[in-house]
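Worksheet for the structure shown next.
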Amino acid sequence: MSKKFVGVLFLLIGFALQAQTPEKAKALLDKVSAKVKTYKNIQIDFKYNLQNAKENINQDSKGNVTLSGNQYILNFMGVSKMCDGAKIYTISKEDEEVSIASVGKGEEDNDTPEKMLTFFNKGFKYSWDIAQNVKGKKIQYIKLIPISSKDDRKQILVGVDTKTNTVYNTITIGKNGTRVTLTVNSFKTNVALPKNHFTFVKAKYPNYYINNLD
């Protein structure tokens, strides 16, 4: 067998594997999306890290979110956001203010928590990336490249726990060099929640300024 033939053979194999990679990557993400839809609700504790070497920024924060369909409660960086499916309530203890906006009426819903585990369903090119063992878990990374040239994100790596088909972390690299890592510290499902858990009760904030944005 000539070296030339072997070279052509490996080239063809390489093209074949490359062609399969997007489909394989999307198939794994589809499993994640399908798994999420089977849960009545989800509770996540997460770690947030923001880095930008040029600006000398390295910031760590923690947060938690409870999701049920299009309803959620997010606690992050001193602010709570509650969505009952129709309205979004942004509650700031420091400012003693509650801002209220209808779902779909502004920037509040551009990147909502319920999209955290399914944002990758459309708008990206997919490729199979590296696999890592993290604390006994096999994490397979899928690389996402935004299709839109207007997107500020250069690429996103989605780390999937291949045993549970759940998201372990996401690493977002911006065109400005910013790197944002979200890591899931705990992932609980089908938790017994109190009745009206996602209902805003104005009486709990008697001295707060209520700002209706609609």
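Values in this document were obtained by computation on a predicted structure and should not be read as measured data. All values below were derived from every heavy atom in this structure, side-chain atoms included, with hydrogens, water molecules and symmetry-related copies excluded. Sequential numbering from 1 along the given sequence is applied to the chain's residues.
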State the [atom1]-[atom2] distance between [X] and [Y], to the nearest 0.5 angstrom.
X    : Y    : atom1 : atom2 : value
K93  : Y205 : NZ    : OH    : 7.5 Å
S68  : Q43  : OG    : CD    : 10.5 Å
Q71  : C83  : CD    : SG    : 7.0 Å
K163 : K138 : NZ    : NZ    : 13.0 Å
T162 : I139 : OG1   : CD1   : 7.0 Å
L144 : K26  : CG    : NZ    : 10.0 Å

Are any side-chain N or O atoms of N212 and backbone N or O atoms of D214, one a donor and one an acceptor, separated by less than 3.5 Å?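 Checked: no pair found.
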Do [X] and [Y] land in one hydrophobic cluster if side-chain heavy atoms of ILVMFWY residues count as linked below 4.5 Å?
X    : Y    : answer
V167 : W128 : yes
I147 : Y126 : no
Y72  : V36  : yes
I88  : V79  : no

Distance-only donor-acceptor pairs under 3.5 Å for side chains of residues 148-156, two or more places apart:
unit_1 : atom_1 : unit_2 : atom_2 : d
S148   : OG     : K150   : N      : 3.2
D151   : OD1    : R153   : N      : 2.8
D151   : OD1    : R153   : NE     : 3.0
D151   : OD2    : R153   : NE     : 3.4
D151   : OD2    : R153   : NH2    : 2.9

Minimum heavy-atom separation for [X] to [Y], with atom names?
X    : Y    : answer
K87  : I100 : CD-CG2, 4.0 Å
I73  : M82  : CD1-CE, 3.9 Å
Y208 : S92  : CE2-O, 3.5 Å
S127 : A25  : C-CB, 3.8 Å
D129 : Q140 : O-NE2, 2.7 Å

Under the side chain to side chain contact (heavy atoms under 4.5 Å, CB included) test, which residues partner Y209, sequence neighbours left out?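 Here the qualifying residues are E97, N211.
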Could you list the residues that satisfy side chain to side chain contact (heavy atoms under 4.5 Å, CB included) with I130, not counting sequence neighbours?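 Once residues adjacent in sequence are excluded, the partners of I130 under the side chain to side chain contact (heavy atoms under 4.5 Å, CB included) criterion are Q132, Y141.
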For N64, enumerate each residue passing the side-chain hydrogen bond (donor to acceptor under 3.5 Å, both in side chains) test, keeping only those at least two apart in sequence or located in another chain.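 N64: side-chain hydrogen bond (donor to acceptor under 3.5 Å, both in side chains) contacts with N75.
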Neighbour count above 12 (heavy atom, 6.0 Å) for K31 NZ: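 Open.
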Using distance only, find each side-chain donor-acceptor pair of residues 51-59 under 3.5 Å and give its atom names and separation, not counting sequence neighbours.
unit_1 : atom_1 : unit_2 : atom_2 : d
Q51    : NE2    : N49    : OD1    : 2.8
N52    : OD1    : K54    : N      : 3.1
N52    : OD1    : E55    : N      : 3.1
N52    : ND2    : T178   : OG1    : 2.9
N58    : OD1    : N49    : ND2    : 3.0

V65 and F76: CA distance, side-chain angles, deciding distance, side-chain contact (heavy atoms from CB on, under 4.5 Å) verdict: CA-CA 8 Å; V65 61; F76 182 55; over 6 Å; no
Residues 182-202 side chain polar contacts: donor-acceptor under 3.5 Å, at least two apart:
unit_1 : atom_1 : unit_2 : atom_2 : d
S186   : OG     : D45    : OD2    : 3.2
N190   : OD1    : K40    : N      : 2.7

